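Working notes, structure below.
This structure is a prediction, so every number in the text was calculated from the model and none was measured. Numbers restart at 1 for each chain; the letters A, B, ... are given by sequence-line order, proteins then strands.
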Amino acid sequence: MNFGLTFEYSEEMSGVVHTNTAELFLVGQDASNMMGSPAGVCYPTTTAEVQEAVRWARAKGMTFIARGAGTGLAGGAIPTDGSLVICLTKMNNIRSIDVHKRTAWVEPGVLNADLSRRTARDGLHFAPDPSSQQSCTIGGNVANNSGGPHCLSEGVTSAHILALEVVLPSGDVCILDAESSLFDLRGAFIGSEGMFGIATAIEVRLVQNPPHISTMVVGFASVHEGAMAVSAIIAHGIIPSALEMMDAPITRAVEEYVHAGFPLDAAAMLIVEIDGLENSVLDGSRAVKDIVSRFGATSFQVAQSQGERALIWKGRKTAFGAIARIQPNYYLHDTVVPRKKLAEVLSQVSLIATEEHLQVMNVFHAGDGNLHPILMFDKRVDGVMDRVHRAGAEIVRVSLEAGGVLSGEHGIGLEKRDFMRWMFTENDLLFQQKLRSAFDPEGISNPHKVLPRGSGCSDMSSIPPGSWI
Amino acid sequence: MSFGSAVDDLQRQMAISDAVNIVGLNSTGASTVRDEGSVLKAPSGILSYEPDELMISVFAGTSISDINDELQGAKQRIPIPEWGTIGGAVATRRNGLRDSYHQTLPNNVLRCSVIAADGSLYQSGGQVVKNVSGFDLIKLLVGSWGLLGLIVEVTMRTEPIPQVSQWVQSAAPTAIAQVSDLYRPSVVTCFEGNMYVLLEGHEKDVQQQILQLDGFSLCEMPLTNNSPQLTNVNRSSQGVPHSIERAIRKEFDPGNKLNKSIASQRGLLT
């Protein structure tokens with residue numbers, strides 16, 4: 001395949017841009033089931049080097065794409081069009097921590113969990129906690145406006161980012177913060193999936209660790225009752241710090257793998273965590289116990305120690321590792337529905353999977369109405385990918401029909417780009433494109449993502465070659 | 001999506017006007033600066049309220065006190081100071097005194113529907129509490145001072161009213177250190193040499209926090225003028241970010257139709 005590597009290296013980039021097949025294979029994929037076609041990859045270590053890489057790509061008439069740890073699930077980091085991959089994993093310094101102001105400046109390649117580990121001794125942490133937090137980067141969190149279980153009470157990434165140093169597609173560098181402009185360009189940049197430029201330094205907010213935490217694991221005889229309990233807890237005026245649901249198949253898979261003590265006889269289980277000051281935690285936990293018993297809870301356990309709590313969360317967050325013991329491949333979906341529609345949509349998801357002869361498991365942020373159905377399969381089986389994609393599209397359709405949206409935290413990327421019209425009008429998309437054009441008039445930063453083709457947008461004229469398996 | 005004849009009429013007026021001044025209840029004083037041209041105001045009224053979903057959709061011209069009156073029945077609120085309209089609060093990013101540990105205004109706006117300068121309607125966000133579908137026009141609209149369109153509808157996250165809300169104040173030099181030891185107070189602000197703190201939550205927790213503080217006394221909410229004033233906003237009108245803002249303005253309002261005085265004051269006439 002011709003990756004467009006007929007260009008000549010300029011002196012300064014010679015040896016900096018790697019083009020060997022093995023490296024290109026690695027940076028051609030993320031955690032989705034897609035494969036891209038990069039032209040080269042470089043590993044800058046400073047903001048100036050990122051600028052140089054962007055300017056070099058421009059000079060060569062190439063597009064470019066920023067990359068973190070490649071844990072994204074929507075294909076946002078899949079390089080299209082023979083892009084230059086600007087891999088930021090070597091920009092992994094925590095530049096400064098201000099314990100009194102409770103802020104830190106970090107580089108984009110810093111791993112999410114590493115920051116909280118560093119600030120633990122000061123009783124602080126970085127609140128967004130995606131399940132991939134041991135391996136995903138904060139730069140990636142900014143690009144996707146990532147969530148996580150504890151974003152129910154803490155808010156998603158954008159609520160925790162104060163300022164960004166950004167290399168724009170023009171090659172210029174600037175700070176986006178509350179003072180730099182009238183419009184909130186910082187807010188607009190977060191979640192732009194690498195299409196507005198590259199964040200090279202990030203000022204994050206750190207939050208105080210809660211003094212009291214109660215973590216409850218509740219079993220239910222049916223998914224329906226579990227889902228109704230979720231709505232009832234929120235309706236009661238309790239905002240838990242996390243409210244997660246796991247169905248029986250995923251609970252069994254995780255229990256065999258992690259031995260967290262989850263209820264194996266339950267059709268569904270909830271993890272309910274309440275944190276804060278002593279009395280609000282006590283009262284809140286008591287109220288949760290009352291509510292779940294009204295919905296026929298079959299078991300109710302409370303973590304008695306930090307160790308037990310850690311094991312529960314290990315069980316929740318390693319769910320995807322556990323799946324590998326069942327099927328070699330999985331497709332993790334991400335839609336949001338109103339909480340009151342959870343039970344109804346979950347039963348529709350189950351029907352969809354049955355119709356396409358696929359196994360499905362559910363482990364998700366129930367408190368936010370954020371569904372994560374996991375379709376499991378073996379991609380070596382003939383025609384299975386068609387069934388997986390059909391089921392995926394149906395899940396999106398039933399979620400939207402229930403008043404929901406395309407994505408709660410994984411983003412649009414390539415995966416859901418062509419579903420955008422199911423949710424937005426042409427005019428809605430036009431105004432999203434206008435924002436993109438203001439940051440990147442030539443459409444060279446991570447082209448062909450998010451906005452569907454054919455809506456008169458600059459980087460949508462051609463189909464990304466080889467971007468789909 | 002249609003919001004009925006009131007919005008249809010506004011769309012028509014927007015489309016045929018060469019210059020438009022967007023107004024609310026004029027609580028910031030911004031809309032007293034009138035240019036020639038039409039004066040457009042978003043309709044008012046509650047479109048839907050679902051207490052169990054902690055969410056309310058309203059026309060942007062609805063006053064915040066009317067919204068809170070509606071929410072009161074379900075013991076909920078929106079944590080924004082009670083003056084002016086919700087559209088005005090969104091357009092001027094009026095967070096009030098609530099500090100950044102709590103989800104401030106931009107994080108509580110879930111959906112906006114906007115009449116663009118050409119009279120067309122565009123929407124961003126959705127009626128769910130978590131959403132990363134497409135680029136975030138909401139963050140751009142919050143604090144856009146009417147320069148990107150007339151916001152006609154807003155969907156907001158609501159929150160349960162805490163059991164107790166108590167302000168305390170102190171002028172003691174040790175106040176800052178003490179407050180920094182508190183667990184996530186709702187508001188911390190300094191005003192005329194006094195430190196003011198809002199403690200909210202369970203009655204016993206708030207009592208314990210008050211006992212923990214030395215040299216603080218109970219008080220009412222401080223009467224600060226925290227209304228956002230465009231002239232007071234200390235933001236740069238130059239540099240690379242400003243050129244992005246100008247590019248956004250050019251994309252969204254190519255004819256320089258919207259709130260000309262404000263645009264001119266901020267160097268955003270293109």
Side-chain angles (χ1 to χ4, degrees), chain A residues 100 144-145 147 155-156 158-159 168 172 174 176 179-185 187-188 190-192 205 207-208 211 231 234-235 237 239 276-280 283 336-340 368-370 403-409 411-412 420 423-424 427-428 431-432 434-439 450, chain B residues 1 50-54 75-76 93 100-101 103-104 106-107 116 120-124 126-137 139-140 142-145 147-148 159-160 180 183-184 201-205 208-209 233-236 239-242 244-245 247-248 250-252 266 268:
Chain A
H100 296 290
N144 290 295
N145 197 10
V156 294
S158 66
L168 294 164
D172 290 331
C174 65
L176 305 179
E179 305 299 322
S180 65
S181 53
L182 182 68
F183 299 154
D184 181 10
L185 302 180
I190 296 164
S192 62
R205 188 199 314 286
V207 295
Q208 289 162 286
S231 273
I234 302 283
I239 312 286
L277 294 169
E278 187 179 4
N279 293 289
S280 73
D283 268 19
V336 188
V337 300
R339 277 177 288 249
K340 64 180 175 194
D368 288 320
N370 188 182
V405 299
L406 292 172
S407 173
E409 52 185 21
I412 301 299
M420 286 284 276
M423 177 171 163
F424 293 108
N427 207 49
D428 297 340
F431 279 85
Q432 291 189 32
K434 285 172 182 288
L435 176 57
R436 148 92 151 146
S437 296
F439 278 91
V450 180
Chain B
M1 166 136 250
E50 301 198 47
D52 292 2
E53 296 288 318
L54 300 178
K75 295 186 184 146
Q76 292 178 7
R93 198 185 294 120
S100 48
Y101 287 119
Q103 293 178 333
T104 47
N107 302 318
S120 67
L121 193 72
Y122 69 91
Q123 206 170 53
S124 184
Q127 287 177 308
V128 292
V129 294
K130 197 177 186 188
N131 188 0
V132 292
S133 310
F135 299 138
D136 195 346
L137 296 178
K139 295 292 185 299
L140 191 68
V142 175
S144 61
W145 290 84
L147 299 177
L148 303 175
E159 62 178 35
S180 122
Y183 180 71
R184 306 194 190 192
H202 193 286
E203 193 180 0
K204 286 184 194 161
D205 290 333
Q208 277 175 14
Q209 284 188 305
V233 177
N234 176 27
R235 292 188 175 95
S236 158
V240 176
H242 187 62
I244 301 173
E245 290 191 288
I248 292 172
K250 207 168 183 175
E251 291 280 347
F252 279 64
R266 294 300 313 171
L268 288 170

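Ranked by heavy-atom pairs under 4.5 Å with chain B, the list Pro211(A), Gly147(A), Gly191(A) is led by Pro211(A). Each of Val142(B), Val129(B), Leu268(B) has some count of heavy-atom pairs under 4.5 Å with chain A, and the biggest count is that of Val129(B). Put simply, of Ser192(A), Ser158(A), Ala188(A), the one with the most heavy-atom pairs under 4.5 Å next to chain B is Ser192(A). Top candidate by heavy-atom pairs under 4.5 Å with chain A, chosen from Ser124(B), Pro51(B), Gly126(B), Ala247(B), is Ala247(B). Per-residue heavy-atom pair counts under 4.5 Å with chain B were compared for Asp283(A), Ile234(A), Leu176(A), and the maximum is reached by Asp283(A). When each of Val337(A), Asp172(A), Leu435(A) is checked for heavy-atom pairs under 4.5 Å with chain B, Leu435(A) comes out on top.
The contact between Asp368(A) and chain B is made by backbone and side chain atoms together, counting heavy-atom distances below 4.5 Å. At a 4.5 Å heavy-atom cutoff, the contact between Pro241(B) and chain A is made by backbone and side-chain atoms alike. In this structure, no portion of Glu203(B) lies under 4.5 Å from any heavy atom of chain A. Interface remark: Asn145(A) contributes backbone and side-chain atoms alike to the contact with chain B (heavy atom separation under 4.5 Å). Using a 4.5 Å cut-off between heavy atoms, Gln76(B) does not touch chain A at all.
The CZ atom of Arg266(B) sits 9.0 Å away from atom OG of Ser181(A), with the distance rounded to the nearest 0.5 Å. Put simply, CG on Leu182(A) and CG on Leu147(B) are 6.5 Å apart, with the number rounded to the nearest 0.5 Å. Interatomic distance, NZ of Lys204(B) versus CG of Leu277(A), reported as 13.5 Å (0.5 Å rounding).
For the salt bridge (Lys or Arg N to Asp or Glu O under 4.0 Å) test, no residue two or more places apart in sequence or in another chain qualifies with Glu278(A). Every side chain to side chain contact (heavy atoms under 4.5 Å, CB included) that Ser133(B) has, sequence neighbours left out, goes to Val405(A), Leu406(A), Ser407(A), Ile412(A), Met423(A), Phe424(A), Asn131(B).
In this structure, the side chain of Asp205(B) engages the main chain of Ser280(A) through a donor-acceptor pair within 3.5 Å. Formation of a donor-acceptor pair under 3.5 Å by the Lys434(A) side chain with backbone atoms of Phe252(B) is not found in this model.
Between Ile239(A) and Pro160(B) there is a side-chain heavy-atom pair separated by less than 4.5 Å. Side-chain contact check for Asp184(A) versus Arg93(B): some heavy-atom pair is nearer than 4.5 Å. Arg339(A) has its side chain out of reach of Asp52(B): every pair of non-hydrogen atoms, C-beta onward, lies at least 4.5 Å apart.
Nearest heavy-atom pair, Val450(A) versus Gly134(B), reported as atom, atom and distance to 0.1 Å: CG1-CA, 4.1 Å. Contact record, Ile248(B) with Ala438(A): CG1-CB, 3.4 Å, taken as the closest heavy-atom pair. Minimum interatomic distance between Leu121(B) and Asp428(A) (heavy atoms only, all atoms of both residues): O-OD1, 4.2 Å. Of all heavy-atom pairs between Glu251(B) and Ser437(A), the closest is OE2-CB, 3.4 Å.
In this structure, Phe431(A) and Tyr122(B) have parallel ring planes: the angle between them is below the 30° cut-off, well short of the 60° mark.
The existence of a salt bridge linking Glu53(B) and Lys340(A) is excluded, since no basic side-chain nitrogen approaches an acidic carboxylate oxygen closer than 4.0 Å.
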Next item on the list: Go through the steps to decide whether Leu168(A) and Ile244(B) satisfy the test side-chain contact (heavy atoms from CB on, under 4.5 Å), and finish with yes or no.
Entry: CA-CA 10 Å; Leu168(A) 294 164; Ile244(B) 301 173; 3.8 Å; yes
